[in-house]
Amino acid sequence: MSNGSSISQFLLLPFADTRQLQLLHFCLFLGMYLAALLGNGLIITTITWDHHLHTPMYFFLLNLSVLDLGSISTTVPKAMANSLWENRDISYKGCVAQLFIFIFLLASEYFLLTVMAYDCYVAICKPLHYRTLLGSRACAHMAAAAWASGFLNALLHTANTFSVPLCQGNAVGQFFCEIPHILKLSCSHSESLREVGLILVSACLTFACFVVMVVSYVWIFRAMLRIPSQQGRHKAFSTCLPHLAVVSLFLSTGFFAYLKPPSMSSPTLDLVMSVLYSVVPPAVNPLIYSLRNQELKDALRKVMTGCFKH
């Protein structure tokens, strides 16, 4: 049975059965989506507008905000519309597009976070060579590599997932199209082994990036301990703390969502974990980066003041 010809639409998992709870979920998602739009939009505008922020760290932060805006816009508006209009449908092509874009943006963000760990390493451990190692061309190449790696990753996973024949219905046990829940609809487990193999390859690549980040922070903390002044150590720690917090949030929610024991799996828990790793990080990342960054806060204040004056 060809999955392309037999399924014209999928049914996404509803958040609740009662109208009151559906509207509550709509309001909660609307609040988080608006927070993500406002926070990431302000960061993108501020970094673009303020020439003092045209540095490697803020260039990568701008890319991170673009990815966060894209990822939350891929899943949340559709979920809000479904809750508001009491609808569960998503077309076959819409599901393919949603899966591809979400994996593309999520994988690109992970690769970009790896690049940002290297940026922190160079800033703390090799400050005299910072401009040499992270010139504008090098930064552009590293950001482009992160985006291109995410695109290739998404292309391979999407093509493999939807080449598997589906004959177990069309109800996806998630509020957006996600690979594990699509594969549960396959005709047999053996037909999905190719995608499972590809997931293992991606897991190895993910682990390699994780090792790069861990090694970077080992060297960073060693360099911090050698800084003689407390003020210098505090400044170095403040430089890397937002990235460390964002990486911890990204990895902890993602790992628990996909690597939790099968005995802990349930539709409600799966739904909660998917919200935590797909919705919460894009909404709170701007807050994490702006809380301890006085330079960014000052630039944001200038942008806000300029907007209100006009």
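One-based numbering along the sequence shown.
- For the residue pair Ser73 / Tyr33, a side-chain donor-acceptor distance below 3.5 Å is found, with atom types taken as modelled.
- The disulfide (SG to SG under 2.5 Å) check on Cys95 picks up Cys177, with sequence neighbours excluded.
- Aromatic rings from Phe237 and Phe221 are positioned such that their centres are separated by 6.0 Å or more.
- Ring pair Phe162/Tyr92 is perpendicular by interplanar angle, where above 60° counts as perpendicular and below 30° as parallel.
- Aromatic ring centres of Tyr217 and His243 lie closer together than 6.0 Å.
- If you chain together hydrophobic residues whose side chains sit under 4.5 Å apart, Val115 and Val211 fall into the same group.
- With hydrogens and angles left out, the side-chain atoms of Tyr130 and Asp119 include a donor and acceptor closer than 3.5 Å.
- Note on ring orientation: taking the six-membered ring where Trp is involved, the planes of Phe250 and Tyr110 are parallel (angle under 30°, cut-offs 30° and 60°).
- Side-chain contact, Ser274 with Gln174: a donor N or O sits under 3.5 Å from an acceptor N or O.
- Atom CH2 of Trp49 is surrounded by more than 12 heavy atoms from other residues, nucleotides or ligands within 6.0 Å.
- No more than 12 heavy atoms of other residues, nucleotides or ligands shown are found within 6.0 angstrom of NE2 on His52.
- The aromatic ring centroids of Tyr277 and Phe255 lie 6.0 Å or more from each other.
- Taking each heavy atom of Ser186 and Val164 in turn, the nearest pair found is CB-CG1, 3.4 Å.
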